[in-house]
Amino acid sequence: MYQNLPNILTLSRIIVIPIIVLLFLFEGDIYRWIVLIIFSIAGITDFFDGYIARSQKKISKVGIFLDPVADKLLVATVIFMLVAYDRINGPAILPALVILFREILVSGLREFLGQVRQKLPVTRIAKWKTGLQMIALGFLIIGDAGPKFIPTTTIGEIGIWLAAFFTIFTGYNYLKLGIKYILKEK
């Protein structure tokens, strides 16, 4: 159950969240780089847990439940910390909110659809959206601690706006599918 590699990788994303929060409390470029490394490794585990589970036929109910939860907790925590430490500010807060709202909406839809025994499959574009989110958040984690010749904050802000666009698109598609089943309930 918990002791297969895909589930361990998924759980590792949840376990690193308090470490990431703690590291945000310290000032200095080195801490930003450490957070980026931990966050990047966590993001990579998101790919490998599913890949290994499918290729080794180790898909479990625990993994099916925990994988999206781990992703949402990690992304939401980093967004909250970036806003709290003023690395996402001004107009860039809007796409961050869009991402958080969509994650809550999709979680609610999954819960409802689970009760009516209807799956809400993850689409390929949603996977790309998650990857873009992770990359954008990585640039925002580094911010001005990045190399001076790379506009890391600008790249991160553009990335988070692009991720928000894909977030709206995938969220709409999920909502459209979910509403079909919600309206059936009487």
Side-chain angles (χ1 to χ4, degrees), residues 2 6-24 35-36 38-54 59-85 87-88 92-115 118-141 156 159-179 181-182:
Y2 289 109
N7 289 346
I8 291 168
L9 291 173
T10 299
L11 286 169
S12 73
R13 285 201 302 285
I14 296 171
I15 291 168
V16 300
I17 290 171
I19 298 167
I20 288 173
V21 170
L22 181 66
L23 289 169
F24 262 94
V35 169
L36 176 64
I38 293 170
F39 180 73
S40 297
I41 292 169
I44 291 167
T45 68
D46 184 30
F47 168 77
F48 282 109
D49 63 2
Y51 176 78
I52 293 168
R54 287 184 298 277
I59 296 172
S60 68
K61 289 180 182 177
V62 170
I64 290 169
F65 166 72
L66 277 183
D67 182 62
V69 170
D71 297 344
K72 288 167 181 37
L73 288 173
L74 180 64
V75 167
T77 299
V78 169
I79 287 173
F80 283 131
M81 296 308 292
L82 288 168
V83 170
Y85 283 85
R87 294 190 215 151
I88 294 179
I93 290 176
L94 180 62
L97 281 173
V98 165
I99 290 168
L100 291 175
F101 288 164
R102 184 261 190 202
E103 299 303 344
I104 293 167
L105 172 73
V106 170
S107 294
L109 278 174
R110 285 188 196 281
E111 183 176 333
F112 170 79
L113 292 173
Q115 293 173 5
Q118 177 63 40
K119 290 186 177 184
L120 188 61
V122 177
T123 63
R124 185 174 301 276
I125 196 162
K127 290 181 181 186
W128 281 99
K129 180 263 321 165
T130 300
L132 181 57
Q133 262 177 207
M134 297 292 199
I135 291 168
L137 292 175
F139 275 100
L140 292 169
I141 287 168
I160 203 165
W161 278 99
L162 288 171
F165 170 77
F166 286 110
T167 294
I168 291 168
F169 179 76
T170 59
Y172 172 75
N173 287 339
Y174 286 140
L175 184 60
K176 191 168 66 173
L177 179 65
I179 284 178
Y181 291 97
I182 291 170

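As a basis for the values below, the full set of heavy atoms in this structure was taken, side chains included, without hydrogen atoms, waters or symmetry mates. Just so we're clear, the structure is a prediction, and the values are computed from it rather than from any experiment.
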Nearest-0.5 Å distance that lies between atom CD1 in Ile99 and atom CG in Leu94: 10.0 Å
Ile41 CD1 to Leu9 CG distance, which is reported to the nearest 0.5 Å: 11.5 Å
Test side-chain contact (heavy atoms from CB on, under 4.5 Å) on Val16 and Phe39 and set out the steps. CA-CA 8 Å; Val16 300; Phe39 180 73; over 6 Å; no
Counting only heavy atoms not in Phe166 (residues, nucleotides, ligands), do more than 12 fall under 6.0 Å from its CZ? no
Arg102 side chain vs Val98 backbone, donor-acceptor pair below 3.5 Å: no
Reported OG1-to-CG distance for the pair Thr130 and Asp71, which is rounded to 0.5 angstrom: 6.5 Å
Under 4.5 Å between any side-chain heavy atoms of Phe80 and Val21, yes or no? no
To the closest 0.5 Å, what do you measure between OG1 (Thr45) and CD1 (Ile8)? 12.0 Å
Distance col, row Leu66:CG vs Leu73:CG, nearest 0.5 angstrom, shows 9.5 Å
Parallel, tilted or perpendicular: ring planes of Tyr51 versus Phe47, cut at 30 and 60 degrees: parallel
Can you name the nearest heavy-atom pair linking Leu36 to Ile141, along with the distance? N-CG2, 3.9 Å
What distance do Ser12 atom OG and Leu74 atom CG have between them, rounded to the nearest 0.5 Å? 9.5 Å
